[in-house]
Each structure stands twice: as C-alpha cells, then as structure tokens.
Amino acid sequence: MSHLHIPDGLIPLPWILAGIGLAALFVCVALRALKRRDRAKVVPRIATLSALMLLAMGLPIPLLGYHLNLTVLTGMIAGPAEGFIAVLVVNLILALTAHGGITVVGLNTLVSGLEVCLGWLIWRSLRQVFRRPFAAAAVSTVIALLISTTAMLAIVAGTRVSPDLALHRNDHAEHVEHAESADHARVAGSDSGSLKAFAAIVYSAGALGWAVEALVVGSAAEFIAKSRPDMLDPGPDRGA
Amino acid sequence: MDNAIPIDQGEIIAQVNCLKHVYPDQTAVDLCGLDFTVRRGQRVAVLGANGSGKSTLIFHLLGLLSPVDGQVTVFGVNPAKRFRDIRHRVGVLLQNVDDQIIGPTVWDDVTFTPRALGWPRSQVEARGNAICDRLGISHLKTRIPHYLSGGEKRKVALAGALVTEPELLIMDEPFTGLDPRSRSELVRLMNQIHLEYGVTYVVSTHEIDFVPHIADWVYVLGGRHGITLSGTPEQVFSQPEALRAVSIDLPALAELFEVLHKKGWDVTVPLTVDQAVIELERCKLDAVAPTPPRES
Amino acid sequence: MDNAIPIDQGEIIAQVNCLKHVYPDQTAVDLCGLDFTVRRGQRVAVLGANGSGKSTLIFHLLGLLSPVDGQVTVFGVNPAKRFRDIRHRVGVLLQNVDDQIIGPTVWDDVTFTPRALGWPRSQVEARGNAICDRLGISHLKTRIPHYLSGGEKRKVALAGALVTEPELLIMDEPFTGLDPRSRSELVRLMNQIHLEYGVTYVVSTHEIDFVPHIADWVYVLGGRHGITLSGTPEQVFSQPEALRAVSIDLPALAELFEVLHKKGWDVTVPLTVDQAVIELERCKLDAVAPTPPRES
Amino acid sequence: MDVQFIDELAANGRTPLHAALPWAKIAASAALLAASIAARTPSAAGAAAAAVIFFASASRSQLRHAAVMALYPVFFAGLFVLGWIRSDPLFALTVVIKAFSTGLVAATLITTTPFVDIFAAISRVTPAVVSDALFMAYRSFFVLINELQDLLRAVRLRGGAGRGLFQQLRTYGQVLGVVILHSADMTERMYRVMVVRGYSQRIESAREWPPPGSLDYLLIAYAATVLGLVLALG
C-alpha cells in the first residue's frame with residue numbers, strides 16, 4: 001500500500017491510451033540511453049532487479065495488506081533507464097497476476113517509473129547530506145513515495161471529474177443525453193468531496209506504508225553500502 | 001580423527017517415528033522404516049542420495065515442517081509447535097552457507113542469535129569472542145562475509161550456530177561447495193567441537209567418504225521405506241549391496257576391499273587408510289607364513 | 001571408462017603462456033609456471049584448490065578476461081579479441097548451472113546458440129534433436145527449466161554446449177552441486193561424447209577422485225607459480241608431496257598405495273579399483289612365490 | 001501474490017483450460033477482458049462477470065485460487081470508489097464488479113497457461129530488451145526465491161527476525177541486502193554465459209503447438225459472443 005495499483009475498468013479509454021503512449025515513449029528514451037551499453041550486461045541487470053522487486057512483494061510484512069515495492073531502491077541501484085524498464089517488466093507480470101490492471105499497465109508503469117527516477121535523483125543528492133546511508137535511503141524513499149502518490153491522485157482526479165463521465169465518456173448517441181442531463185449537478189459538489197476523502201485515505205494509509213518501505217530500504221541500503229559500496233555509487237554512466 | 005565412542009544407550013534427545021510428509025506439490029516422503037533416534041553425545045550421520053529425504057528429516061527435526069503422520073520429538077517437545085522453547089539448545093548449519101550468513105560483518109553474524117534472543121551485551125561479547133577464538137576466526141571479525149572464501153564462510157556459520165553453546169548441532173550437507181582441504185578442516189573442527197563441548201550432532205551428507213570420520217552412528221535413507229539401514233559405520237559399510245540398492249556407492253577403499261574379499265582375500269572392510277594398511281599387511285604376512293593362504 | 005589415449009603430440013588448439021591477470025580489486029593471479037597446452041583429442045583436467053586460479057584460466061580461454069601479461073591463443077586467435085570468430089567451435093559449461101540456462105524452455109535453451117548464430121531452421125532442428133537424443137533429454141524438451149533436477153539441468157546445459165558440435169568443450173567445475181550418482185553419470189557422458197564426437201575437452205575441478213576417469217592429461221594449479229605440475233594422471237599422482245604442497249590431497253586409493261610403497265611394498269599408484277586389485281594380487285603372488293619379496 | 005504457486009498451478013494443472021492452446025486462451029481472455037471493461041451498467045457488468053466465472057470454471061478446482069487472486073483488484077477498486085459509495089452507489093458497484101471480472105480473467109489465464117507461453121505472445125509486441133528482460137526476470141525470480149526462502153528460514157532458526165515491528169523490518173532489509181548482493185554476482189555470471197553462448201539478437205521461445213481443436217474454437221466463440229452481448233446490452 002505504499003503505492004497503489006490501479007485496477008482495470010476504472011480509467012477511461014483516452015487516459016489508458018495516453019498512459020500506454022507515454023510509457024512507451026519513456027521506454028524508447030530509456031532504450032536509447034542504454035544503446036551504448038553492452039546488452040549482455042544490461043539485460044541480466046534489469047532482469048535480476050525485476051525479480052528482486054517481485055520477490056520483495058512476496059515478503060511477509062507483518063501488517064495486513066502491505067507489501068514492499070523496492071522501486072526506490074531499484075532507482076538507487078540501477079538509475080532511471082534500467083530502472084524504468086525493470087518496473088515495466090514488473091508491472092507486466094503484476095498485471096498478469098491480477099495485481100494491477102492489464103489495460104492500465106502504462107499508467108501503473110508511469111507511477112512506479114516516477115518512483116524509480118525520483119529515488120535515483122533524491123538519493124544522489126541526499127547522499128552528500130546524510131552521513132549514514134540508512135538515513136539517506138529512508139528519506140529518499142519517503143519523499144519519492146509521497147510525490148508518486150500525489151501523482152497517482154492527480155491521475156485519478158484528472159480521469160474522474162465525474163464518475164459518470166468516467167463510465168460514459170465513449171458513449172455514442174443514445175447515451176449522451178442521459179450522461180449530460182443527469183450528472184452535471186454532481187460534478188462540482190460531491191465529487192470534489194469524494195476526492196478529498198479518497199486523498200485523505202490514501203495519504204494516511206500510505207504514510208504507514210512509506211514508513212515500512214523506508215525502514216526496509218534504509219536497512220538494505222546500509223547493508224549494501226557496507227558490503228559493496230560500488231553498487232550504490234551514483235556513477236556517471238548510470239544516468240539516462 | 002577417529003574418536004568414535006559408539007553409544008547405543010544414553011538419554012534420547014531426538015526421536016522420529018514413522019514420519020510421513022507430503023509436500024504442497026504432492027511429493028510424498030515416507031521415513032517409516034527404522035526409527036530414528038539420537039542419543040546424547042552421539043555423532044550421527046544421515047546418509048542418502050539426493051531426493052532420499054535427508055533434508056525432509058532435518059527440517060522436521062528443526063520444526064520447519066510439520067508431519068502428516070508420525071511423531072517428531074526433540075528435547076521432549078514437538079519442534080513444529082514449540083521450536084522457540086528449544087531454540088537455544090539447538091545449533092543449526094544449513095546447506096547453502098551463503099543463504100545463512102545474515103550479518104553485514106562476521107561479528108554481527110556470529111552474535112546474531114544471542115542478540116535476537118535478547119541476551120545481555122556482556123554475555124554476547126564473551127560467547128562471541130570465545131567461539132571465534134575456538135574456531136580460529138578472530139582475525140575475521142570485522143570482515144564482510146561476502147568476500148570470504150567458502151571454507152571461511154562455513155566457519156563463520158558454524159560459529160554462529162555454536163555461539164549459544166547448543167547441546168545439539170544439526171548440519172544439513174555441510175560439505176557442499178567446499179574444496180577437499182576445507183572439507184577436511186571442517187571434519188577436524190566437528191570432532192574438536194564434539195570433544196570439547198560434548199555436543200551431540202546430526203549431520204546429513206551424500207559424501208560417504210567422510211562418514212567414518214564424522215560419525216559413530218549412521219542412518220541410511222533411500223528406497224521405499226525411508227530409513228533402510230542403521231548402525232555403526234563398520235556395520236553399514238559391510239552391506240555394500242544394501243547401500244547400492246539405495247543409490248549409494250561405496251568409498252573407493254571399501255570397494256577395493258569388497259573386490260579383494262570376493263577374490264578370496266581374508267579381509268574386512270576398513271574405514272580408513274591406516275586400517276586398510278594393517279589389513280593388507282596382515283594378509284601379506286599370512287600369505288608368506290607357513291599356514292596356507294585361505295583361498296575360498 | 002578408461003579409454004585414455006594419452007596424446008603428447010598433435011595439433012595444438014589452445015595455448016596459454018605465462019598468463020598474468022589483475023582483477024579490479026587488485027587481486028593478482030599469476031599462471032606463469034609451466035605452459036598450458038591443449039592438443040586436439042586430449043581430455044585435459046585443470047586441478048586445483050579453490051582460489052588457485054582455475055576459473056581465471058578458463059575465463060581467459062573464453063575471452064571473458066583479457067590478460068595483463070602473457071598470451072592466450074585458441075584456434076589460432078586471441079579469444080579476448082575475437083571470440084566471436086571461434087564461438088561455434090567452442091562449447092562451454094560454466095560452474096553454476098542455474099545461471100546458465102537462458103532459454104525459457106529446455107528446447108529453447110538447447111538451441112540457443114545455433115539460433116543466435118543464425119543457422120537455418122532445419123539445421124537447428126536436426127542438431128537440437130540429435131543432441132537431446134544423445135544425452136537422453138528428449139522427453140524434457142517442452143519442460144520449463146526450474147522444474148528440473150540438478151542432474152537434468154546439467155544435461156540440458158551440456159546439450160546447449162554441444163549442439164554446435166564444437167571441437168573444444170570447456171567445463172568449469174561441472175561436478176559442483178551434483179550428488180555422487182549424477183557425477184558418475186556426467187563422467188560417463190563426458191567420455192561418451194569424447195569417443196563419439198572426438199571432442200577435445202578442458203575441465204576444471206577440485207575433485208581429484210574423478211581425474212583418472214575424465215582426463216588423460218592433468219595440469220595442477222596452485223602455489224606461487226600458478227601451473228606447478230603437468231602430466232598424465234599416473235605421473236601427477238606419483239608426486240604426492242608436490243600435490244600436498246598446493247593443498248591437494250591424494251584420493252584414498254592413491255594414499256593407501258603411497259603408504260604401502262613406503263612400507264616396502266613393490267607397488268605403483270593405481271588410478272582405479274581394478275588396477276589396485278591387479279597390483280595387490282601381483283604383490284601377494286610375489287610374496288608366496290619362491291622369489292624373495294622385494295623389500296626395499 | 002505468490003508467483004511460485006501460480007507457476008505450479010499453470011505448469012502442473014490438468015484441466016480443460018490447461019489443455020487449450022495458449023493463443024486461443026489469450027484471444028478469449030482479451031475478448032472477455034474487453035467485455036468486462038466495456039460494461040457500463042451494473043447489470044451489464046454483472047452479466048460479464050457471470051460469463052467470466054463460467055469461463056473460469058473450466059479450470060475446475062483452480063477457480064477458487066483465481067477468485068482469491070481477483071479479490072486483490074476488488075480491494076483496490078473499493079478503495080478508489082470509497083468516496084462515491086454514497087453519492088453514486090451504482091457507479092461504485094459497477095467499478096468493483098468490473099475489477100473482479102477483469103482480475104478473474106487475468107488470474108484464470110495465468111493459472112492455466114505457463115508464463116513462458118504468455119511471455120512469448122508479449123515478446124511479439126515489445127522491444128527485444130524488454131522481452132529478454134521479461135524472460136530472464138522470470139528465471140531469476142525462481143533462482144532468487146529459493147535463496148530468499150533459505151535466508152528467512154535461517155533467520156527463523158537463528159533466533160527470529162527480532163522483537164517488535166521496527167527490528168523485524170530492519171532484519172528484512174538486511175536479508176534483502178544479502179539477496180541483492182547475491183543477485184549482483186548472479187548478474188555477472190549471467191553476463192558471462194550470455195557472451196559465451198552467443199547472445200546477440202533476442203531470447204525466443206519456440207514452443208510448438210498442435211493444430212487448434214474444437215475446444216480452442218469453442219473458447220474463442222464463447223468469448224466473442226459474450227463481448228458482442230455486453231456491447232449490445234450497453
């Protein structure tokens with residue numbers, strides 16, 4: 001719950017297509033950035049990081065409904081280019097296992113991709129600020145997840161000015177009348193209230209999730225920094 | 001090395017009776033032949049090919065699996081239910097050494113269990129230092145486990161298992177991945193620990209060559225009924241056909257003496273090179289002596 | 001099993017001269033003792049304890065590492081620069097079998113290299129089917145690798161290495177993680193392939209017991225100068241002190257005969273149980289025969 | 001989410017759906033997915049859900065596993081529409097039903113069709129790096145999960161993850177750190193294997209399938225009919 005998987009059937013088609021298009025664009029950018037590197041090196045790196053994210057999700061966190069994502073840690077280790085493709089791979093597998101919608105793979109990838117990129121950026125700048133890698137990693141995680149959750153809320157808000165609009169957006173003639181006549185009233189009033197309620201739930205439940213994720217990512221980063229500092233070294237060639 | 005003190009009696013500290021286990025994928029393991037008993041002070045080897053149920057047996061002793069049928073008792077309790085109560089009395093060395101070293105440094109790892117059990121700091125320090133000295137890894141304390149050799153990692157894991165001074169040490173395939181020198185070193189350490197701490201141990205292995213050096217009691221797993229043979233190494237090795245039936249080949253020495261025996265030499269199967277030399281020298285003396293060679 | 005055809009002459013297909021390598025962490029490996037030469041049709045074992053430089057040598061032969069100093073030549077080219085050119089002539093089996101299977105199914109994996117090399121489909125099919133038949137894994141073709149046993153995975157990896165019918169097969173510690181039965185099976189397969197395809201192979205191992213069964217030429221790694229011994233298994237095993245100096249213990253049989261020899265028995269070190277029986281029977285006959293036993 | 005368990009269901013199951021050809025199942029699933037999403041009213045969504053449940057029941061006893069998996073998107077959908085339950089309960093209900101039926105379609109497909117076959121279909125529309133990473137991620141997952149399970153077992157035997165949630169999460173972080181270190185080594189080994197085995201183009205799956213049978217045509221016809229009906233219903 002440190003991050004939400006958007007299910008199918010909620011988001012209207014234009015947003016779905018926009019999500020897929022934008023995700024595809026970013027994948028292209030990432031692939032271009034990786035072009036100079038040896039593919040035999042890049043592919044196993046992306047693959048193992050994806051596998052790690054999937055593994056972490058299965059870790060039995062003793063809090064109901066929570067699971068880890070490791071998106072931020074992936075960003076810290078792999079940088080944005082490899083990291084973005086890794087979250088695409090993870091989201092594809094998650095969609096197949098009903099853990100996030102199939103049609104919204106694009107949007108879900110954009111949200112987790114944002115976490116990867118933010119994780120990479122914030123970690124790079126915070127490493128100089130905090131002496132302990134634990135603190136730098138934990139704070140990076142919280143900030144990245146806070147921003148990505150907000151982005152996800154923005155998507156929901158953007159797609160759902162009116163619930164009926166979400167349902168009927170692609171209607172043809174016979175439904176237009178119904179959509180327009182019945183729902184105008186609701187758009188302004190109750191929906192902004194619903195969104196606020198939704199945001200309140202997401203932020204408060206999310207905060208606990210961020211704390212869990214931050215603790216685990218912090219400890220993992222500390223362990224790696226001790227054993228193999230080079231893995232977390234923001235080397236110049238990792239960036240996109 | 002052979003400080004074997006065969007013990008057929010004494011306090012029983014672990015026992016498995018007619019164990020049956022079914023894995024989630026429906027693979028059934030049946031360890032329902034002979035009973036499995038560990039007595040205080042024994043060095044017990046569990047010998048079997050891969051897939052014969054060695055790990056299943058070990059996991060039941062550790063309470064990691066719960067039997068479908070049959071009984072498992074360790075220090076009087078059912079480990080599947082109450083392993084917590086006996087945790088400080090049981091040390092564990094699992095098969096893959098890389099997957100059991102958790103601490104970021106050797107010292108963190110060696111002292112993991114007493115810290116997790118909430119022991120006072122002074123006691124953690126004392127025990128940790130003592131066991132590191134004992135196993136000769138004091139110089140590694142600040143090192144990062146990832147960069148140690150396989151043999152060194154084994155010692156660190158062993159120290160982590162022994163730091164609580166357990167009465168029973170359970171080792172699952174501890175020789176896997178070690179080169180011959182590190183294996184011999186481990187055999188030496190196991191016996192040293194047995195002598196000095198009086199620790200009882202159970203070790204599963206598919207390396208038959210080591211059995212005479214590490215065990216005074218052997219259980220052989222395999223075949224339809226699970227535990228098919230048990231006895232001292234001498235007793236077990238004198239049944240080559242029974243061993244082959246469960247896919248275990250004799251050590252080269254034993255095989256040599258089996259062939260010699262079939263060819264009419266008056267020899268018994270030796271467990272070590274020294275014993276083999278004595279046997280052969282005796283045979284040769286017999287041969288040159290006035291009594292006619294006993295050809296069968 | 002011992003179809004040894006010791007070849008000291010013949011076309012040299014791989015050669016390493018005074019190799020020096022420095023890893024990024026500044027560990028230096030110096031393989032500058034004896035030269036390392038592989039001739040067509042040889043079965044070469046590279047024997048050494050962990051950390052003696054076996055993998056370094058193998059990685060240089062495969063062009064995965066580039067030497068700081070010294071020369072590596074395989075099929076006349078420098079593999080670090082032009083491994084692509086000789087890839088279809090070299091089959092490779094690396095240490096950890098789990099990381100080695102790339103294809104999503106057994107068939108995809110076995111045919112990976114010929115497809116990557118762009119061979120025509122019909123040839124890929126023919127070769128793939130032939131090698132699967134040969135190694136007895138045809139029934140596994142559609143299986144997903146992670147459901148295979150360790151021994152089956154090894155065979156799949158071996159099939160993937162042999163599918164291009166390479167002239168040279170390079171294996172890094174292929175026995176690691178296998179139980180004794182799977183190891184014997186692998187030894188049998190290696191020899192079968194050697195006989196049927198005439199493939200030359202180089203195998204690194206720390207398991208000295210297998211060397212007589214898999215090699216007709218042995219290089220021993222260890223000590224300051226890297227390659228310290230070379231010769232036929234008989235020649236190498238008759239130098240127990242030199243082996244011990246590089247942390248390699250003799251197999252039990254060889255050790256027994258070394259002791260017997262020291263005690264004045266007129267025996268040479270055997271490589272197999274059969275040879276040992278012949279040696280001992282001869283000795284016994286000598287002992288009872290009228291000629292006085294040759295005590296030294 | 002238990003990838004290992006799902007994989008075992010798909011690889012070892014023996015039901016009519018397992019017997020159907022992967023491409024037929026994928027096509028049928030796509031049509032059912034479209035039908036579920038296209039439903040705009042609670043009744044249409046309910047009809048689509050019933051059709052999906054009927055389809056999924058061809059996986060016999062595995063249906064319950066797939067249904068449990070489908071509860072996850074239901075949970076999230078519930079969260080998303082929480083604010084609308086009072087203002088527009090029908091909308092909320094529709095979204096939740098749709099989340100269930102789409103989830104059940106995906107879950108049924110994945111528990112009756114090995115990942116490999118689905119990946120092979122995906123790899124036709126994705127760049128090589130992505131599809132190769134997909135195949136290899138899947139392999140790596142099964143190697144690494146054994147390691148993670150071993151480590152967690154070791155933690156348990158060695159005294160537990162610690163007292164209190166804070167300490168436990170710290171230990172989990174450490175354990176993940178160990179797995180990440182090992183995965184870095186594994187990456188290096190995979191690189192070597194790929195170089196010596198001639199990796200250059202892309203990893204492919206060349207599973208061969210028998211010609212489609214009546215079951216395959218039946219699945220597709222059924223799904224297409226459902227889609228048509230739902231579109232007609234609105």
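To find a chain, count down the sequence lines: A is the first, B the second, and so on, and within it residues start at 1. Excluded from the calculations below are hydrogen atoms, water molecules and symmetry mates; all remaining heavy atoms, backbone and side chain alike, are included.
Taking each heavy atom of D:Ser140 and D:Met186 in turn, the nearest pair found is CB-CE, 3.4 Å.
A:Leu34 does not touch chain D: none of its heavy atoms, backbone or side chain, sits under 4.5 Å away. Heavy atoms of D:Leu134 lying under 4.5 Å from chain A belong to its backbone as well as its side chain. With a 4.5 Å cut-off on non-hydrogen atoms, D:Phe142 does not touch chain A at all. Using a 4.5 Å cut-off between heavy atoms, A:Leu73 contacts chain D through its side chain alone, with no backbone atom that close. Residue A:Ala95 touches chain D through its backbone alone, counting heavy-atom pairs closer than 4.5 Å. For A:Leu55, the parts sitting under 4.5 Å from any heavy atom of chain D are the backbone and the side chain alike. Neither the backbone nor the side chain of A:Val217 comes within contact range of chain D; no heavy atoms are under 4.5 Å apart. Contacts of D:Gln174 with chain A are made by both backbone and side-chain atoms, with heavy-atom separations under 4.5 Å. Heavy atoms closer than 4.5 Å to chain A are found in the side chain of D:Ile122, but not in its backbone. For D:Val178, the parts lying under 4.5 angstrom from a heavy atom of chain A are both the backbone and the side chain. At a 4.5 Å heavy-atom cutoff, D:Leu71 makes no contact with chain A through either its backbone or its side chain. Contact of D:Leu152 with chain A is made through the side chain alone, with heavy-atom distances under 4.5 Å. Residue contact with chain A, scored on non-hydrogen atoms closer than 4.5 Å, involves the backbone and the side chain of D:Leu144 alike. Proximity to chain A is limited to the side chain of D:Phe115, based on heavy atoms less than 4.5 angstrom apart. For A:Ile85, the part sitting under 4.5 Å from any heavy atom of chain D is the side chain, from C-beta outward, and nothing else.
The candidate from D:Leu169, D:Leu181, D:Ile203 with the greatest count of non-hydrogen atom pairs under 4.5 Å with chain A is D:Leu169. Put simply, of A:Val90, A:Ile224, A:Leu59, A:Ile46, the one with the most heavy-atom pairs under 4.5 Å next to chain D is A:Leu59. For chain A, the option among D:Leu33, D:Ile180, D:Leu109, D:Ile97 with the highest count of heavy-atom pairs below 4.5 Å is D:Ile180. Counting heavy-atom pairs closer than 4.5 Å to chain D, the top-ranked of the candidates A:Ala56, A:Ala51, A:Ala200 is A:Ala51. Heavy-atom pairs under 4.5 Å with chain A peak, among D:Ala107, D:Ser131, D:Gly103, D:Ser183, at D:Ser183. Ranked by heavy-atom pairs under 4.5 Å with chain D, the first of A:Val27, A:Val216, A:Ile102, A:Val42 is A:Val216. Contacts with chain D were tallied for A:Leu52, A:Val212, A:Leu92, A:Leu88; A:Leu52 has the most, counting heavy-atom pairs under 4.5 Å.
With hydrogens and angles disregarded, no donor-acceptor distance shorter than 3.5 Å links the side chain of A:Asn69 to the backbone of A:Thr71. A donor-acceptor distance shorter than 3.5 angstrom exists from the side chain of A:Glu213 to the backbone of A:Leu70, with no hydrogens or angles considered. At distances below 3.5 Å, at least one donor-acceptor pair connects side-chain atoms of A:Thr48 with backbone N or O atoms of A:Arg45. Using modelled atom types, no side-chain atom of A:His99 and backbone atom of D:Met69 make a donor-acceptor pair closer than 3.5 Å. Of the possible donor and acceptor atoms, none in the side chain of A:Glu222 sits under 3.5 Å from a partner among the backbone N and O of A:Arg132.
The side-chain tip of D:Arg170 points at the ring of A:Phe134 from less than 6.0 angstrom away and within 45° of straight on.
Checked by atom type, the side-chain pair D:Thr113/D:Lys25 shows a donor-acceptor distance below 3.5 Å. For the residue pair D:Thr102/D:Ser36, the side-chain donor-acceptor check at 3.5 Å is not satisfied.
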> Between A:Asp8 and D:Lys98, is a side-chain contact (heavy atoms from CB on, under 4.5 Å) present by the stated rule, with each step listed?
Replying inline: CA-CA 7 Å; A:Asp8 281 316; D:Lys98 285 162 80 170; over 6 Å; no
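Taking a cutoff of 4.0 Å between a charged side-chain nitrogen and a carboxylate oxygen, A:Arg228 and D:Asp185 qualify as a salt bridge.
For the pair A:Trp210 and A:Tyr203, the minimum side-chain heavy-atom distance is below 4.5 Å. Side-chain atoms of A:Ile77 and A:Glu82, non-hydrogen and from C-beta on, never get closer than 4.5 Å to each other.
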